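A short write-up of the structure that comes next.
Just so you know, these numbers come straight off a predicted model, no measurement behind them. Letters go in sequence order (proteins before strands), and every chain restarts at 1.
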Protein chains: 2
Amino acid sequence: MDRKEQMSKLKKELIEEMGVYFESQDILSPLSSRIFALLALVGYDGVTFDEIVEELEVSKSSVSTNLQLLQSMGRISYYTKPGDRKRYFKISVNDMVNRLDDKIDSWQKERKLHEKVANYRKEIIAISNKTNSEIQKDLSFNIHYIEFVDKMIENLQKLKTNILITINQEK
Amino acid sequence: MDRKEQMSKLKKELIEEMGVYFESQDILSPLSSRIFALLALVGYDGVTFDEIVEELEVSKSSVSTNLQLLQSMGRISYYTKPGDRKRYFKISVNDMVNRLDDKIDSWQKERKLHEKVANYRKEIIAISNKTNSEIQKDLSFNIHYIEFVDKMIENLQKLKTNILITINQEK
DNA sequence: CTTTTAGTTCGGCAAAAACCGAACTAAAAG
DNA sequence: CTTTTAGTTCGGTTTTTGCCGAACTAAAAG
């Protein structure tokens, strides 16, 4: 097996490994994950429709559907070269930033839920005239956790601005 | 509608809202999510098998299966009261810590993948004798990102030790 | 020893997810 | 105006997921 074959095998293995990761992590369909992995691996230049069909050995229709899906999620985009009808698909420039935003949103949602639960518990305590110490314990944990979530959000926001700075430097 | 009915309605709404969140966030089945939400809401005392069946209006078999699932994931556990055959299910004491561990693992996985991709790119550059500047750009982004991931992992670990300290204080 | 309780196991079924091939379309090339 | 290219759309099939009821089991109660 020569060098090129070795690299192509490595490529396939990497795509599979990344694919499995994205599938579980970002809740993408198997094929969407593989496509995204391929785009991530190839990077700057992007990949054409037919290259995806060939590399992943899947039907055109599936590629079409999943590319549309990824685009509608804002995770990928494409550019064209003058005098070339093909589309070159690549990961959105700010995909990483978007994903961080999603993570921040998610933590904020969790925060709100914890607040609601805390309010529910306060109500319960108010109704049952006997001051139930176990619910008090649960409640204080809620409140603690909200503080942690705030810290987490802060950290993610810092990370985001750091990444934005780097992206601007690279340009 | 009296106070009790109001609270029970609020409870159902909260369970549904939390359920939807867990379903998308933690990749749990719909019922697993609802059960987990119920346990989270009730807190310290825990909930019996039959209470779950009643509150969520689902079959015993589904509850059984999903409880086993959640237990095998280490997300819930149960205790028994002397002279009472029922099991009282509740969220694992260190579920939060476990989830943080999972998140750390996930970032570490992502880090490893980025390293592999970086190595792949280095190989590609080595093979193509012409020093391709676009791949270089991709590569430098890889390396930057790995640094960010490291910071993220560090933050999560800090958060974890903070939580562990709090848990020990509560005891 | 029989009955009840508390939960488990298993086969089945309905709905959703994921992919495919074949026919189609819109724009560029010839 | 016809053909080719590059991708889309749609109907159908296969797999997977998620729940259910009915029969079962193990342990405690009577």
Side-chain angles (χ1 to χ4, degrees), chain A residues 15-16 18-39 42 45-73 75-90, chain B residues 15-16 18-39 42 45-73 75-90:
Chain A
I15 289 172
E16 188 50 32
M18 294 165 86
V20 170
Y21 178 75
F22 294 136
E23 207 174 322
S24 71
Q25 206 57 31
D26 298 345
I27 328 180
L28 298 177
S29 78
L31 185 50
S32 283
S33 303
R34 269 45 169 204
I35 292 176
F36 193 81
L38 173 58
L39 299 201
V42 170
D45 289 338
V47 189
T48 67
F49 192 99
D50 286 327
E51 282 168 349
I52 296 170
V53 169
E54 223 181 296
E55 176 75 44
L56 304 181
E57 296 168 76
V58 283
S59 73
K60 283 173 79 180
S61 58
S62 300
V63 170
S64 177
T65 316
N66 281 284
L67 281 176
Q68 284 178 62
L69 237 158
L70 287 166
Q71 285 181 79
S72 72
M73 295 170 80
R75 303 214 45 179
I76 65 168
S77 58
Y78 66 87
Y79 70 95
T80 49
K81 295 179 183 178
D84 183 350
R85 272 211 270 165
K86 286 170 203 156
R87 291 176 196 166
Y88 291 80
F89 294 92
K90 53 190 296 186
Chain B
I15 288 171
E16 187 51 31
M18 294 165 86
V20 170
Y21 177 76
F22 294 137
E23 207 175 324
S24 70
Q25 205 56 32
D26 297 346
I27 328 179
L28 298 178
S29 78
L31 185 51
S32 283
S33 304
R34 273 31 168 217
I35 292 176
F36 193 81
L38 173 59
L39 300 201
V42 170
D45 290 337
V47 188
T48 66
F49 192 98
D50 286 326
E51 280 166 352
I52 297 170
V53 170
E54 221 179 298
E55 176 75 44
L56 304 181
E57 295 169 76
V58 284
S59 73
K60 284 173 79 180
S61 58
S62 301
V63 169
S64 176
T65 316
N66 281 285
L67 280 176
Q68 282 178 65
L69 238 158
L70 287 166
Q71 285 181 78
S72 73
M73 297 170 80
R75 302 211 48 178
I76 64 167
S77 59
Y78 66 87
Y79 70 96
T80 48
K81 295 179 183 177
D84 183 351
R85 272 210 271 166
K86 288 172 205 156
R87 291 176 197 166
Y88 291 80
F89 294 92
K90 51 189 296 187

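Between E57(A) atom CD and dC19(C) atom C1' the separation is 15 Å, expressed in whole Å. For E23(A) and dT16(D), the CD to P distance is 12 Å, given to the nearest whole Å. Taking atom CZ of residue F89(B) and atom C1' of nucleotide dG7(C), one finds them 8 Å apart after rounding to whole Å. Taking atom CG of residue L70(A) and atom C1' of nucleotide dG7(D), one finds them 16 Å apart after rounding to whole Å. Atom pair I52(A):CD1 and dT8(D):C1' shows a separation of 15 Å (rounding to whole Å applied). Regarding E51(B), its CD atom lies at a distance of 11 Å from the P atom of dA6(C), rounded to whole Å. Across the protein-nucleic acid pair, Y78(B) atom OH and dA6(C) atom P stand 14 Å apart, rounded to whole Å. If you take CD of Q68(B) and P of dG18(D), they are 16 Å apart, rounded to a whole angstrom.
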Give me the distances for all protein-to-nucleotides 13-18 of chain C N/O pairs that come in under 3.5 Å?
none

Listing time: all N or O pairs from protein to nucleotides 23-30 of chain C that are below 3.5 Å?
{"from": "dA27(C)", "atom 1": "N3", "to": "R85(A)", "atom 2": "NH1", "distance (Å)": "3.3"}

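Although no hydrogens or angles enter the test, the distance criterion places no donor-acceptor pair under 3.5 Å between the side chain of S32(A) and the main chain of L28(A).
In this structure, CZ on F36(B) lies 11.0 Å from CG on L38(B), to the nearest 0.5 angstrom. Taking CG from L39(B) and CG from L67(B), the interatomic distance works out to 7.5 Å, rounded to the nearest 0.5 Å.
Checked options I15(B), N66(B), L69(B); the residue passing with I35(B) is N66(B) (criterion: side chain to side chain contact (heavy atoms under 4.5 Å, CB included)).
Residue N66(A) has a polar side-chain atom (N or O) positioned under 4.0 Å from OP1 or OP2 of dC19(C). Look at R87(B) and you'll find a side-chain N or O under 4.0 angstrom from OP1 or OP2 of dT8(C). For S62(A), a side-chain nitrogen or oxygen approaches OP1 or OP2 of dC20(C) to under 4.0 Å.
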Checklist entry - Pairs counted as Watson-Crick or G-U wobble with both distances under 3.5 Å: what dot-bracket string results for DNA chain D, using | for bases tied to another strand? => result ||||||||||||||||||||||||||||||

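Contact annotation for V63(B): no contact, since no heavy-atom pair falls under 4.0 Å across all strands.
Residues meeting the ring-ring contact (aromatic ring centres under 6.0 Å, His included) test with Y88(B), sequence neighbours left out: Y79(B).
Y78(A) OH: 12 or fewer foreign heavy atoms inside a 6.0 Å radius. More than 12 heavy atoms of other residues, nucleotides or ligands lie within 6.0 Å of CZ in F49(A), so this atom counts as buried by the packing criterion.
Judged as a salt bridge (charged side-chain N to carboxylate O under 4.0 Å, His left out), the pairs with a partner in residues 22-33 of chain A (not counting sequence neighbours) are, in order, E23(A)-R34(A), D26(A)-R75(A), D26(A)-R99(A).
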Give every donor-acceptor pair under 3.5 Å between a side-chain atom in residues 54-65 of chain A and any protein atom, sequence neighbours left out.
{"from": "E55(A)", "atom 1": "OE2", "to": "K12(A)", "atom 2": "NZ", "distance (Å)": "3.1"}
{"from": "S59(A)", "atom 1": "OG", "to": "S61(A)", "atom 2": "OG", "distance (Å)": "3.1"}
{"from": "S59(A)", "atom 1": "OG", "to": "S62(A)", "atom 2": "N", "distance (Å)": "3.1"}
{"from": "S59(A)", "atom 1": "OG", "to": "S62(A)", "atom 2": "OG", "distance (Å)": "2.9"}
{"from": "S64(A)", "atom 1": "OG", "to": "Q68(A)", "atom 2": "NE2", "distance (Å)": "3.3"}
{"from": "T65(A)", "atom 1": "OG1", "to": "S61(A)", "atom 2": "O", "distance (Å)": "2.7"}

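Along DNA chain D, the nucleotide closest to K86(A) and the one closest to T65(A) are compared, and the more 5′ of them pairs with K86(A).
Taking every heavy atom of both residues into account, G19(B) and S33(B) meet most closely at O-CB, 3.3 Å. Of all non-hydrogen atoms in T48(B) and K86(B), the two that sit nearest each other are CG2-CD, 3.9 Å. In terms of heavy atoms, A37(B) sits closest to M18(B) at CB-CB, 3.6 Å.
A donor and an acceptor atom never sit less than 3.5 Å apart when one is taken from the side chain of S64(A) and the other from the base of dG7(D).
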